[in-house]
Each structure stands twice: as C-alpha cells, then as structure tokens.
Amino acid sequence: MKKLNLILQFAFAIVLLYLLSGCNQPAQKEEPVEYGPRARTYELPSVPGAVYYVAPDASASSDGLAPDSPTTIETAIEKVVTGDAIILRGGIYRTGDLVFNQGIVIQAYQNEKPVLKGTLVAQSWSKVSDNLWVTEWDRLFPAGPESWWDRRRNEQFTPMHRFNNDGVFIDGQYLQSVGNIEEVNKGTFYVDYGKNRIYIGADPEGRLVEITAFRKALYRTLGMANNRIPDKKGPVIRGLEITQYPDTMVHIGTTVLAEDGHGRDIVGTLIEDCIFSNCFRIGVFCNSDSMVMRNCRVFNTNTEGLYVVASQDILIERNIFEQNNIEKWTGYYPSEVKIFNQSHRAVFRENLVTNQPNSNGVWWDVGNHDAVFVKNVVSNVSQNALFFEISDGAVFAGNLFVDCNHGIYVLNAANVEVYNNTMINSRVEFSRNNRGDQLGVFGWHVTKGPGVEERHGHVFVNNLMYVSGEKNTYPMLQTQQSASLCERLSTPHLKTLNNNVFIRGNMAGENKIPIIRWAPYPDDDCRIDILSPEELSKIIPEFCTECQYFENYQDPLFADMKNNDYRLIKAFPGIKTATKIPDRIVELSGLKGTGKPFPGAFAP
C-alpha cells in the first residue's frame, strides 16, 4: 500500500504538470487525468437482454434475476447470450476457466468489490522438519519455455522449473519456485510433480496459504462455448479485481498468429477500472479490433501485463502498469505492455508505466503501423522504456521518461516522429541492422516491417535531454548500425534533427563525453562521437543548427525536480530553442496550451 501511495503521489504531480502545459496554441481547459481504477458506483448497464446477479456464496439453483437471489458466476456464464449482463456482488470468488463467446457485460454491483481469485486455500499441511512443510495438491500447471528459447545460453539464469505456472502465496505475497527440497526457504516453494506435492519453508500455522487451482479467469473464445456460436462482439468488463492465476487472467481471442490475420473475429472489447495482479504469465491478452483498456492497474505479472496481438484501432489510456517479469526470466523478451504483429493505429496515452527492474516498458513489435504514444509517464525501467521494432510510422510526443536505461529505442523501423519529450537520465537510440535479409528464428515476422534499405525517415525535434549523476557517462542520443552496413546504408536514420536541448549536470573530471554517437560515418567503425551540436552541423549542415548543449550545468533548471515538477524555469537560457510543431502532431498528442514553443513535455 505504501508503494501504491508513492506511485499515486508521483502521478498526481505529473497530472498537474500536464494541466499547466501545452504547445503552440491558446490555452484550453483540460480535465484532470486520473490514473488507475476510479472509485465508481455503477448503475445497472442498459442492455437489451437479461441481467444476472452473482455472488460468491450463491446457489447454482437460483435464477440470479434479482440482487437478493443471486446465482453462481459459473451458472451465469453458461446462461448468458449477446446483450446480457452479469453483475457481481462483492466478495472473493475462487473460480476460473470461465469460457464464453458472446458480447456480454461483466460488471461490479454498485460500489461493491468483487475479487476473482485463481487460488484455493491450502489448509492440510504436514511438518517434514523444522523448516519444511508439505501438502498434497492435484491442481498443478507444469509448463515449459517456447521452442525459440535458448536453453544453453539462459538456463544458468532461468532454471527450467521457473517455466512451470504454479503459484504459492503466503498472506498475499507470492513465493519464488526452486528446483529441489534442499533449496526451499521462507520465500520459496518446490513442486514434486511426480507425487503431486508442494513444499514450503514457512510455517503455515496461522497464515493464509493460497495455491493456484484455475488456469485462467475469463476466456472469450473464438470457438463454440456453452452450445453457442460466437457472435464477434467483444465483452465489456468493469470494476473487477482479478488476481493469483497461473496463466493468462483475461484472454480475449486466439493465440494463433496468422500471418495476415487481425482481430476482426472479436470487435469492441472494453475493459475499465479493473485490477489485474499476481499472474505467472500474461495479465490480459487481447486479440480484438477496437479494443479499449482504460483506468486499470496491472502489476506483478510475468511475461506481459498487457499483450495485444493483431488488433487494429485500439486505445490504452490512463492505466497504471508496474512490476512485470516477477520471476526474472531471461532470454524471453518480457514487456509490461506488448503490441504485436500488425496491430495498426494503436494509441497509448496518459498512462503511468513504472517500477520495471526486470522488464521492458512498452514494446511495439513486428509489422505495426501508425502508433501513437503521447503524454505518458515512464519511470524506473531497467531495459527499454519505449521500444519500437520492425514497424513503420509512429508519433511519440509529450512524454516524460525518468531513470530508464533506454528511454526510447527504435530498431529496424521507419518514420518515427519524436517531438517534445522530457528525458531525465534516459537515452534515445535509433538502430538498424541486416535482420530481414533472411528469415530468422521467428520466420515471416520480420517481413511485415520495413526492409533493410527502408529503415529511416525519423524525426527528432524539441526534445529536452538531461543526464546527471551515475548515468552521466553515455551519449544522450545514438544512431547505430554495424560497420558492415556502412556503404550499403550510407544515409542517416533521421530526416530531421533540430531544436533539441542537451544538458549534462554535475560532471566529474575532465573527460569529454559525447552528447551524440552518430552513424553512419565514413571511417573504420562507421561512427563518430559528437561533442557539440556544431560538430554535427559540420558533418550534416541541416542537422542541429538550432540545438543547444549545456555542459556541467549547475544553475536552476526545473521548477521542482525533487517533487517531479519538470517544467523548465523561464530563466533557463535554452528556453527559446524549440520550434513550432506541426498541427497534425498537436492534434495527435493533445499538447495544446499557452504561449510560445518550448523544449520538452511541459510548458514553463
């Protein structure tokens, strides 16, 4: 709870910044941004069909047609057809594998708090020794890695037992798995699959011990379910908490990645004001055109918190995403949010992505077009905060990145426009290689993005880049390619690079650190280190003619950095560096406000 309060305090500070900020246009009043689930009292949904009420302690024989005579959620799922609604009374539902294929509403009752749990309480324990207890358990979920996982390279970091999907929780805290009884301690568990036994190292007496028992919570399938033909309509899910599942918690659509398929088989999924947590694979998997996910909180997931596949025209807004890859898998490409395989026109705006010590943040991967990433806050991401790979066309504008390894990483992509972002100890890289000359491990995937000779056309304008402290040792901006491609790819990655501000604070020593590492450049290693904007302008005259660099800058800079107020003070000498941004970018980003152009995401 303390961590959540800190996150919300940070979010509130950023909300105030965005309300005070804008770009190029007269001031317009904006509604405050509210991240994560909102306190709601739900009215009954206006649906043409039946409304079924369910409760954790209900009888399956009840018809469920009134709040005081609820049925079970399992019974309601079997009954509903398109146009019906399921209204959940508050309490804990220990259930799962609820399969349906109709366009239904699943919603909390008024302001009550329904919680779907994929665990059962383990009550029968036998003491093996002073530090070891065992229980019999027959609901086990053994699993393994995908075929492309490189066991030889990664098993020393990610032992095979981590790919099993069983989970054990003591007083709500998940334990990590181990490979044998000898390794068990108070924070771990071991599963003997041959004998259906689970061992823990903490005394269960007086503790709530929960063990996973249902694979998924809700599964909207494309196939037959409950003797009904699927109707191609997505569900509406509101006000639920879903937690402690071994596999995907909410699964919308198929897992089969057709080369040219999209999410047309399920259209219009809406997920609002929900909490998804403590899952050992994927929080929410969605293969649905016109999907909206709004005001949810997703945390403690493993491979992905949200995984969108082959879906067009989606909107992800005002959510909180944190702590993905809780089992610390290596070689598995984890990402808190992954938008994958020809998911066109995906908009990701006004979200908070934070606390990712073992994961990427948001990753567009393979064949996506026309991405929009605007007015988000991304902080404390150990890998890539925003990763755009093998895709074509994106706008990244008005975002704040704080303490991320790569704030923005663009790889083998084309036509990415980056405007007015504030990068605090978070570098930017545009990179390309020869992937795509031949099909690789993932087959046709790479063919859905720009070809090797098409990976250019990027724009980098009006960005504010500030580094200090331990991270003040690397280039703030890098364009990268191998020396073997220097003659073949001799034109720049970017078509426009100007009006950016680069700031290094509290530098120690006299070593000069480049602000830009630039490729291609005609020398042996195809790159050159750039120490000032003027140096780049000498190489490419149209680049960085209006950029500014401030080295070892010690004067006042931000309004209140300690409290996450990253507005530049008006006395900062680089305040006039920025240029007017295109109306199209203003419209997509929502950066409308007062006064003259400014660098970064926030108006001074």
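Because only heavy atoms are used, hydrogens play no part in the values below, and waters and symmetry mates are left out as well, while side chains stay in.
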Engineer: Of all the heavy-atom pairs spanning E336 and V298, show the shortest one and how long it is.
Structural biologist: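 Closest approach of E336 to V298: OE2-CG1, 3.9 Å.
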Engineer: Please examine the side chains of F401 and N421, heavy atoms only from C-beta on, and report whether any two atoms are closer than 4.5 Å.
Structural biologist: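 Yes, at least one pair of side-chain atoms sits under 4.5 Å.
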Engineer: So does D437 pair up with R488, basic N to acidic O under 4.0 Å?
Structural biologist: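 Answer for the salt bridge query: yes.
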Engineer: Taking the inter-plane angle between the rings of H251 and F285 on a 0 to 90° scale, is it parallel (under 30°), tilted (30 to 60°) or perpendicular (over 60°)?
Structural biologist: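 Judged by the thresholds at 30° and 60°, the geometry between H251 and F285 is tilted.
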Engineer: Please check if the side chain of S311 supplies one atom and the backbone of V309 the other of a donor-acceptor pair under 3.5 Å.
Structural biologist: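 Between the backbone of V309 and the side chain of S311 there is a qualifying donor-acceptor contact (under 3.5 Å).
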Engineer: Are the aromatic rings of F396 and F348 close, with centres under 6.0 Å apart?
Structural biologist: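 No, the ring of F396 stays outside the 6.0 Å limit from the ring of F348, centre to centre.
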Engineer: So T303 and Y332, side chain to side chain contact (heavy atoms under 4.5 Å, CB included) or not? Walk me through it.
Structural biologist: CA-CA 8 Å; T303 55; Y332 220 83; 3.9 Å; yes
Engineer: Closest heavy-atom contact between F388 and A413?
Structural biologist: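 Result for this residue pair: CD2-CB, 3.7 Å.
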Engineer: Within the side chain of R455, is there an N or O that forms a donor-acceptor pair under 3.5 Å with the backbone of P450?
Structural biologist: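 Yes; judged by distance alone, with no hydrogens or angles, the pair exists.
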Engineer: Please test I252 against N287 for side chain to side chain contact (heavy atoms under 4.5 Å, CB included), starting from the C-alpha separation and ending with a verdict.
Structural biologist: CA-CA 6 Å; I252 310 295; N287 174 223; over 6 Å; no
Engineer: Any side-chain heavy atom of L557 sitting closer than 4.5 Å to one from L568?
Structural biologist: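 Touching, per the 4.5 Å side-chain cut-off.
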Engineer: Output yes when E417 and K495 qualify as a salt bridge under the 4.0 Å nitrogen-oxygen rule, no when they do not.
Structural biologist: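 Salt bridge flag = no for K495 with E417.
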Engineer: State whether a side-chain donor-acceptor pair under 3.5 Å links N302 with E327.
Structural biologist: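 Their side chains do contain a donor-acceptor pair, which is all the 3.5 Å distance test asks for.
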Engineer: Would you give the length of the straight line joining atom CZ of R427 to atom CD1 of I408, rounded to the nearest 0.5 angstrom?
Structural biologist: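 So the gap between those two atoms works out to 13.5 Å.
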Engineer: Please check if the side chain of N319 supplies one atom and the backbone of C296 the other of a donor-acceptor pair under 3.5 Å.
Structural biologist: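 A pair under 3.5 Å: yes.
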Engineer: May I ask you to decide if the ring planes of F387 and Y409 are parallel, tilted or perpendicular, using 30° and 60° as cut-offs?
Structural biologist: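 Answer is parallel, since the angle falls under 30°.
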Engineer: For a 4.5 angstrom cut-off between non-hydrogen side-chain atoms, does I503 reach V501?
Structural biologist: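 Touching, per the 4.5 Å side-chain cut-off.
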Engineer: For a quick test of reading the model, state the closest non-hydrogen atom pair linking G361 to V353 and the distance between them.
Structural biologist: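 It is CA-CG1, 4.1 Å.
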Engineer: Could you measure the distance from the CG atom of L400 to the CG atom of N564? Nearest 0.5 Å is fine.
Structural biologist: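 So the CG of L400 and the CG of N564 are separated by 8.0 Å.
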Engineer: If you define the side chain from C-beta out and look only at heavy atoms, does anything of W364 sit under 4.5 Å from V416?
Structural biologist: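 W364 vs V416: side chains apart.
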Engineer: Under the side chain to side chain donor-acceptor pair (under 3.5 Å) criterion, do N433 and N412 qualify, and how do the steps go?
Structural biologist: CA-CA 7 Å; N433 55 41; N412 293 332; 3.0 Å; yes
Engineer: With heavy-atom distances below 4.5 Å as the criterion, would you say the side chains of T354 and V378 are in contact?
Structural biologist: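 SC-SC contact between T354 and V378 ruled out.
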Engineer: So, W518 versus F430, ring centres under 6.0 angstrom or not?
Structural biologist: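 No, the ring of W518 stays outside the 6.0 Å limit from the ring of F430, centre to centre.
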Engineer: Does atom CD (E542) have a neighbourhood of more than 12 heavy atoms from anything else shown, all under 6.0 Å?
Structural biologist: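 Buried by this count: over 12 neighbours within 6.0 Å.
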Engineer: Quick one: does N399's side chain have a donor or acceptor within less than 3.5 Å of a partner on N376's backbone?
Structural biologist: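 Yes: the side chain of N399 pairs with the backbone of N376.
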Engineer: Strictly distance-based, threshold 3.5 Å: is any side-chain N or O of N351 a donor or acceptor partner for the main-chain N or O of R318?
Structural biologist: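 Checking the backbone N and O of R318 against the side chain of N351, a donor-acceptor pair under 3.5 Å is found.
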Engineer: Atom NE2 in H456, atom OG1 in T479: separation rounded to 0.5 Å?
Structural biologist: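 If I round to the nearest 0.5 Å, the distance is 14.0 Å.
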Engineer: Okay, side chain of D150, backbone of R153: is any donor-acceptor separation there less than 3.5 Å?
Structural biologist: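 Flag set: sc D150 to bb R153 pair under 3.5 Å.
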Engineer: Return the OG1 to CG distance between T579 and N498, rounded to the nearest 0.5 Å.
Structural biologist: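 Spacing of OG1 (T579) from CG (N498) equals 8.0 Å.
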Engineer: Are any side-chain N or O atoms of N341 and backbone N or O atoms of A310, one a donor and one an acceptor, separated by less than 3.5 Å?
Structural biologist: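 Absent.
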Engineer: Going through the checks in order, is the salt bridge (charged side-chain N to carboxylate O under 4.0 Å, His left out) test met by R435 and E389?
Structural biologist: CA-CA 11 Å; R435 184 180 174 190; E389 183 181 14; 3.2 Å; yes
Engineer: Between the side chains of S335 and N360, is a donor N or O closer than 3.5 angstrom to an acceptor N or O?
Structural biologist: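 Distance-only check fails for S335 and N360.
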Engineer: Are any non-hydrogen side-chain atoms of Q356 and Q383 less than 4.5 angstrom apart?
Structural biologist: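 They are not in side-chain contact.
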Engineer: Ignoring hydrogens and geometry, is there a side-chain-to-backbone donor-acceptor pair from N500 to F460 under 3.5 Å?
Structural biologist: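 Pair found, side chain donor or acceptor close to backbone of F460.
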Engineer: Please indicate whether D524 has more than 12 foreign heavy atoms, meaning atoms of other residues, nucleotides or ligands, lying under 6.0 Å from its CG.
Structural biologist: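 No, not enclosed.
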Engineer: If every non-hydrogen atom of P520 is compared with every non-hydrogen atom of P492, which pair is closest and at what distance?
Structural biologist: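 Shortest heavy-atom separation between P520 and P492 comes out as CD-CA, 4.2 Å.
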Engineer: Ignoring hydrogens and geometry, is there a side-chain-to-backbone donor-acceptor pair from S426 to M423 under 3.5 Å?
Structural biologist: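 No, because the side chain of S426 does not come within donor-acceptor range (under 3.5 Å) of the backbone of M423.
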Engineer: Starting from the C-alpha separation in whole Å, work towards a yes-or-no answer on side chain to side chain contact (heavy atoms under 4.5 Å, CB included) for E317 and M293.
Structural biologist: CA-CA 6 Å; E317 65 176 357; M293 182 170 176; over 6 Å; no
Engineer: Dump the intermediate steps for salt bridge (charged side-chain N to carboxylate O under 4.0 Å, His left out) on K580 and D583, then the final yes or no.
Structural biologist: CA-CA 9 Å; K580 185 180 185 298; D583 291 342; 3.2 Å; yes
Engineer: Give a yes or no on whether the ring-centroid distance for F163 and W149 is below 6.0 angstrom.
Structural biologist: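 Yes, they do, as the ring centres are separated by less than 6.0 Å.
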Engineer: Applying the side chain to side chain contact (heavy atoms under 4.5 Å, CB included) test to Y419, which of V374, N463, I585 qualifies?
Structural biologist: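 Of V374, N463, I585, side chain to side chain contact (heavy atoms under 4.5 Å, CB included) with Y419 is met by I585 alone.
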Engineer: What distance do M465 atom CE and C547 atom SG have between them, rounded to the nearest 0.5 Å?
Structural biologist: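 Output value for this atom pair is 11.0 Å.
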Engineer: Using a 3.5 Å distance criterion without hydrogens, assess whether the side chain of S359 forms a donor-acceptor pair with backbone atoms of N324.
Structural biologist: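 No; judged by distance alone, with no hydrogens or angles, the pair does not exist.
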Engineer: Please confirm whether R297 makes a cation-pi placement over F299, using NZ or CZ under 6.0 Å from the six-membered ring centre and within 45° of the ring normal.
Structural biologist: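 Yes - R297 lies over the ring of F299, closer than 6.0 Å to its centre and within 45° of its axis.
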Engineer: Quick check on the 6.0 Å ring-centre criterion: do Y566 and F602 meet it?
Structural biologist: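 Ring centroids of Y566 and F602 are no less than 6.0 Å from each other.
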Engineer: Does the distance from a Lys or Arg side-chain N to an Asp or Glu carboxylate O, for R281 and D247, drop under 4.0 Å?
Structural biologist: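 No salt bridge links R281 with D247.
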Engineer: With ring centroids as reference points, do F572 and F550 lie under 6.0 angstrom apart?
Structural biologist: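 They qualify: ring centres under 6.0 Å apart.
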Engineer: For the OG atom of S277 and the CD atom of E322, what is their distance to the nearest 0.5 Å?
Structural biologist: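 Taking OG in S277 and CD in E322, the distance rounds to 10.0 Å.
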Engineer: Could you check whether Y549 and F502 have their ring centres less than 6.0 Å apart?
Structural biologist: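 Ring centroids of F502 and Y549 are no less than 6.0 Å from each other.
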Engineer: For a quick check under 3.5 Å, do N154 and Q156 share a side-chain donor-acceptor pair by atom type?
Structural biologist: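 There is no such pair between these side chains.
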Engineer: Where do T473 and R504 come nearest, in terms of heavy atoms and distance?
Structural biologist: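 Result for this residue pair: N-NH1, 4.4 Å.
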Engineer: Could you go step by step and tell me if Y466 and F558 meet the ring-ring contact (aromatic ring centres under 6.0 Å, His included) rule?
Structural biologist: CA-CA 11 Å; Y466 173 83; F558 298 112; 5.7 Å; yes
Engineer: Are any non-hydrogen side-chain atoms of I530 and P514 less than 4.5 angstrom apart?
Structural biologist: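 Result no, sub-4.5 Å side-chain heavy-atom pair not found.
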Engineer: Below 4.0 angstrom, N of the basic side chain to O of the carboxylate: do E429 and R517 qualify?
Structural biologist: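 No salt bridge links E429 with R517.
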Engineer: Can you find a pair of side-chain heavy atoms, one from P604 and one from R567, that are under 4.5 Å apart?
Structural biologist: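 Side chain of P604 against side chain of R567, heavy atoms only: no contact under 4.5 Å found.
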Engineer: Could you give me the CA-CA distance, side-chain angles and deciding distance for N358 and T330, then say whether side chain to side chain contact (heavy atoms under 4.5 Å, CB included) is met?
Structural biologist: CA-CA 9 Å; N358 304 298; T330 60; over 6 Å; no
